[in-house]
Amino acid sequence: MSALPIFGTLHGGPQLSEAPAGTAPRSPLPGVALRVAVLADVPQLEALMAPYVQTGDLLPRSNYDLCRHIKEYVVAEGPAGEVIGCGSLKVYSRDLAELAALAVREDWQRAGVGGALLAALIAEARAHGLAEVLALTRKPAFFLKVGFAPAEREHFPLKVWADCNRCPRQTCCDEVAVVLRL
């Protein structure tokens, strides 16, 4: 994925389209583009996620984990090249992936960046031919307004086995499972 402009809609939210070759990205958010994360982004990802880890809205991710899974991340890049948002698509099987680590810098919230990241990750899931995408979140309304439906985490044993069983909040989890059938 190259840098992508943010425009269009997905169930009322932003969707992405690649700008024609040789042209500048078109965007209702001037200077904002989406791209695949690279290792050089890791320090900015850590800084972006830190306030959300402190509030419990995101689980902590070590520098090692970010480096190891960097290819799963998409970042929103601001006008000065700074990372202003991120999200990841964690594939569990040929049918299922999780949208995780969705975060937008506070001064860019409610500007369409989170919706654009979500749309890009959903488009990637569709391109992989996945059947459904889940998210575990403390902000279910964000996902429900674009077509996700409430779900029980027990319906996703691969997710539970891979992550929940070793999560520090396993016994006191307050996240809500939502799913989008593709």
Would you sort out whether V75 and Q44 count as a side chain to side chain contact (heavy atoms under 4.5 Å, CB included), showing the intermediate values?
-> CA-CA 10 Å; V75 297; Q44 289 185 77; over 6 Å; no
Does the side chain to side chain contact (heavy atoms under 4.5 Å, CB included) test come out yes or no for L102 and F142, once each step is laid out?
-> CA-CA 11 Å; L102 189 61; F142 176 78; 3.5 Å; yes
Could you check whether any side-chain heavy atom of [X] comes within less than 4.5 Å of a side-chain heavy atom of [Y], counting everything from C-beta outward?
X: N63; Y: C67; value: yes
X: V176; Y: F143; value: no
X: V36; Y: K71; value: no

If the condition is side-chain contact (heavy atoms from CB on, under 4.5 Å), which residues does [X] pass it with, not counting sequence neighbours?
X: L182; value: I122, A125, R126, L130, V133, L180
X: Q54; value: none
X: I70; value: A37, L39, V42, L45
X: K139; value: D57, T137

Rounded to the nearest 0.5 Å, how far apart are CG of L121 and NZ of K90?
->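 Rounded to the nearest 0.5 Å, the CG-NZ separation comes to 13.0 Å.
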Find the distance between CG (D41) and CG (L66) and round it off to the nearest 0.5 Å.
->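 Result: 10.5 Å between the selected atoms.
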Without swapping roles, check the side chain of Y52 against the backbone of V104 for a donor-acceptor pair under 3.5 Å.
->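 Present.
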Would you say the side-chain atoms of R138 pair up with the backbone N or O of G56, donor to acceptor, closer than 3.5 Å?
->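 Checked: pair present.
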In a check of side-chain contact (heavy atoms from CB on, under 4.5 Å) between L99 and each of L136, L118, V178, which one passes?
->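 Output: one option passes, namely L118.
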Check ring-ring contact (aromatic ring centres under 6.0 Å, His included) between Y73 and all other residues, then give those that pass, not counting sequence neighbours.
->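 Scan of Y73 (ring-ring contact (aromatic ring centres under 6.0 Å, His included), adjacent residues dropped) gives none.
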Worked verdict on R61 versus H69 for side chain to side chain contact (heavy atoms under 4.5 Å, CB included) | CA-CA 10 Å; R61 286 159 177 82; H69 298 285; over 6 Å; no
Worked verdict on V179 versus H155 for side chain to side chain contact (heavy atoms under 4.5 Å, CB included) = CA-CA 10 Å; V179 65; H155 288 115; over 6 Å; no
Please report the shortest heavy-atom distance between L117 and C86, naming the atom on each side.
->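 Shortest heavy-atom separation between L117 and C86 comes out as CD1-N, 3.4 Å.
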Taking all non-hydrogen atoms of both residues into account, name the closest pair between A103 and L48 and its distance.
->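 A103 and L48 have their closest heavy atoms at O-CD2, 3.9 Å.
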Return the set of residues passing salt bridge (Lys or Arg N to Asp or Glu O under 4.0 Å) with R181 (not counting sequence neighbours), or none when no residue passes.
->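 Testing R181 for salt bridge (Lys or Arg N to Asp or Glu O under 4.0 Å), a comparison that skips the adjacent residues, returns E132.
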State plainly whether one hydrophobic cluster holds both V53 and V83, where clusters connect Ile, Leu, Val, Met, Phe, Trp and Tyr through side-chain heavy atoms under 4.5 angstrom apart.
->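 Shared cluster, yes.
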